[in-house]
Number of protein chains: 2
Amino acid sequence: MLDEGIATCSSLELAAAAGVNSAKLRKDLSYLGSYGTRGVGYEVEYLSYQIAREIGLTQDWHIVIVGIGNLGHALANYSGFSSRGFRTVALLDADESRQGEDVTGMSIRRFDELEAVVAEYRVDIGVIATPAISAQGVCDRMVEVGIRSILNFAPTILNVPQGVDVRRVDLASELQILAFHEQRKAAPGPDIEESA
Amino acid sequence: MLDEGIATCSSLELAAAAGVNSAKLRKDLSYLGSYGTRGVGYEVEYLSYQIAREIGLTQDWHIVIVGIGNLGHALANYSGFSSRGFRTVALLDADESRQGEDVTGMSIRRFDELEAVVAEYRVDIGVIATPAISAQGVCDRMVEVGIRSILNFAPTILNVPQGVDVRRVDLASELQILAFHEQRKAAPGPDIEESA
DNA sequence: AGGAGTTTGTGAACGTACGAACAAACTGAG
DNA sequence: CTCAGTTTGTTCGTACGTTCACAAACTCCT
Ligand SMILES: NC(=O)c1ccc[n+]([C@@H]2O[C@H](COP(=O)([O-])OP(=O)(O)OC[C@H]3O[C@@H](n4cnc5c(N)ncnc54)[C@H](O)[C@@H]3O)[C@@H](O)[C@H]2O)c1
Ligand SMILES: NC(=O)c1ccc[n+]([C@@H]2O[C@H](COP(=O)([O-])OP(=O)(O)OC[C@H]3O[C@@H](n4cnc5c(N)ncnc54)[C@H](O)[C@@H]3O)[C@@H](O)[C@H]2O)c1
């Protein structure tokens with residue numbers, strides 16, 4: 001809306017755009033403060049800034065991607081991160097044959113350079129895109145060098161000490177959830193209340 | 001556990017592996033039926049089969065990937081899907097210059113062949129990996145040709161008729177959630193109960 | 001057989017997310 | 001100024017997911 005030059009908008013419009021209930025949206029926004037005007041709605045630019053400030057979008061976040069295989073390459077090439085304040089400061093891989101390979105103007109470094117990278121830049125978030133077997137080891141090393149936020153694409157549960165935040169993206173599970181619902185749709189019908 | 005030849009396991013072990021509370025795990029499993037033995041635990045092979053049956057893993061699911069760019073390539077190359085019963089039956093892209101390109105023994109077809117693909121194979125799930133602007137259009141076409149389950153990687157909310165299931169994977173949001181918590185950790189401290 | 005030790009399945013308490021609904025606050029027309 | 005129309009902020013009831021805790025059920029050792 002900011003890009004389109006829209007000055008003001010209602011909670012109904014925002015809710016539709018976000019795909020949620022308008023009451024929920026208003027309640028959520030109310031936790032940030034009272035930034036709307038009754039009878040009018042929200043001023044797009046003002047609200048936008050307030051949300052950005054609250055989520056932490058006003059500062060730049062440094063991320064490191066470990067495991068530059070299929071997925072790692074896609075992530076490294078993705079421009080959608082930088083536009084939201086995320087800057088990839090290093091690409092690391094254990095595979096010797098990948099060293100120095102150029103990905104979008106950044107060359108792949110050895111995984112054991114992680115500590116040096118953290119010292120050089122500050123690193124806020126570590127992304128794990130290695131095979132599942134290596135994931136816990138990579139995670140442990142990240143924690144050792146002081147990284148406290150991890151995004152994990154490997155299909156494993158990572159063990160981390162308290163204070164470290166892990167989020168997992170499991171694409172196979174996403175497909176399975178869809179498949180499960182699909183199976184339900186095709187099912188012979190619910191046992192109870194068949195004619196309801 | 002099945003691969004490792006473990007015959008039996010307790011809800012505590014399963015809960016640890018899944019990263020959840022053991023009571024929750026037991027309650028969830030209880031919805032499938034009473035497949036455990038008190039004082040012993042669950043028989044791995046038996047439980048594994050029962051879960052597979054319930055989730056829909058006993059049948060093969062056909063998926064189509066639309067938008068074979070950075071992310072689409074990674075998804076097409078990913079072996080983790082097939083091992084869970086998902087088979088990619090077609091790769092589609094609108095870009096003429098990509099036609100016929102070979103990706104893991106499968107050649108990229110034109111997007112307008114979608115209907116033919118659906119007729120040839122049965123297609124259970126459509127994956128959208130196109131830029132955000134194209135996503136709704138691709139989605140509409142998928143719905144038209146009868147696809148009722150969609151996995152969307154584009155950062156947009158898709159409008160679909162009732163009965164169609166959409167799951168969105170928004171990687172930028174995942175990073176933002178981590179960044180938000182990171183900001184909280186570094187914050188000057190909560191206003192209330194500072195010394196608690 | 002009996003008792004000690006395990007582990008499941010579930011009843012009940014708890015907290016919390018969600019959505020309906022409404023008063024309060026604003027705009028604009030007459 | 002008043003009144004009709006609009007939209008926010010919040011209260012309240014409900015439903016649901018989560019966890020504790022314990023009886024029931026099983027094994028194994030003596
Ligand atoms: N490709 C996908 O679309 C996709 C989808 C879902 C999940 N995943 C998961 O993401 C992860 C990566 O997938 P991928 O397809 O990119 O695999 P890949 O094999 O193409 O890439 C893995 C990379 O990690 C590197 N690596 C291995 N061990 C390492 C270590 N200890 N330290 C640093 N680097 C190491 C390898 O050299 C390789 O370059 C896997 O866990 C996979 O299950 C991938
Ligand atoms: N690459 C990533 O790591 C990443 C991460 C998060 C989100 N995403 C999202 O995933 C989507 C794809 O990202 P990407 O990096 O692969 O982009 P990309 O530009 O590399 O690939 C997009 C592909 O879609 C094709 N396409 C465009 N319009 C189409 C249409 N109407 N029908 C069929 N094909 C069409 C293009 O020809 C291109 O090949 C984007 O929406 C992006 O925001 C990507």
**Study point:** Crowding at OH, A:Tyr49 (>12 non-hydrogen neighbours, <6.0 Å)
**Key:** no

Review point. Should we count CD of A:Glu113 as having more than 12 external heavy atoms under 6.0 Å?
Key: yes

Revision key, fill the gap. B:Asp28 CG to C:dT10 C1', in whole Å, measures 13 Å

Review point. Hey, is the side chain of B:Asn21 poking within less than 4.0 Å of OP1 or OP2 on D:dG17, counting only N and O atoms?
Key: no

Review point. Under 4.0 Å between a side-chain N or O of B:Tyr42 and OP1 or OP2 of C:dG9?
Key: yes

Check your understanding: Do the side-chain N or O atoms of B:Ser11 get closer than 4.0 angstrom to the phosphate oxygens (OP1, OP2) of C:dT7?
Key -> no

Review point. Within this structure, what is the CG-to-P distance between B:Leu25 and C:dT7, rounded to whole angstrom?
Key: 14 Å

Exercise for review: Scan side-chain atoms only and decide if B:Thr104 and B:Asn77 contain a donor-acceptor pair under the 3.5 Å cut-off.
Suggested key: yes

Exercise for review: Please indicate whether A:Glu115 has more than 12 foreign heavy atoms, meaning atoms of other residues, nucleotides or ligands, lying under 6.0 Å from its CD.
Suggested key: no

Exercise for review: When you get a sec, tell me which of D:dG9, D:dA21, C:dA21 is the closest nucleotide to the side chain of A:Ala23?
Suggested key: C:dA21

Check your understanding: How many Å lie between OH on A:Tyr35 and C1' on D:dT7, as a whole number?
Key -> 19 Å

**Study point:** Phosphate contact (C:dC26 OP1 or OP2) by A:Thr37 side-chain N/O below 4.0 Å
**Key:** no

**Study point:** For atom CZ of B:Arg26 and atom C1' of D:dT19, their distance in whole Å
**Key:** 10 Å

Check your understanding: More than 12 non-hydrogen atoms from neighbouring residues, nucleotides or ligands closer than 6.0 Å to CD on B:Glu45, yes or no?
Key -> no

Exercise for review: Could you tell me whether the phosphate oxygens of C:dG9, OP1 or OP2, come under 4.0 Å of any side-chain nitrogen or oxygen in B:Ser34?
Suggested key: yes

Review point. Given atom CG of A:Leu29 and atom P of D:dG9, what is their separation to the nearest angstrom?
Key: 8 Å

Practice item. Would you please test A:Leu75 and A:Phe153 for side-chain contact (heavy atoms from CB on, under 4.5 Å) and show each step? Key: CA-CA 11 Å; A:Leu75 295 172; A:Phe153 285 93; 3.7 Å; yes

Using a cutoff of under 3.5 Å, can you pull out all pairs of nitrogen or oxygen atoms linking the protein to nucleotides 12-17 of chain C, with atom names and distances?
{"from": "C:dA12", "atom 1": "N6", "to": "B:Lys27", "atom 2": "NZ", "distance (Å)": "3.0"}

Practice item. Please state how far atom CZ in B:Arg38 lies from atom C1' in D:dC28, giving the value in whole angstrom units. Key: 19 Å

Review point. Taking 4.0 angstrom as the limit, do B:Asp124 and B:Arg122 come out as a salt bridge?
Key: yes

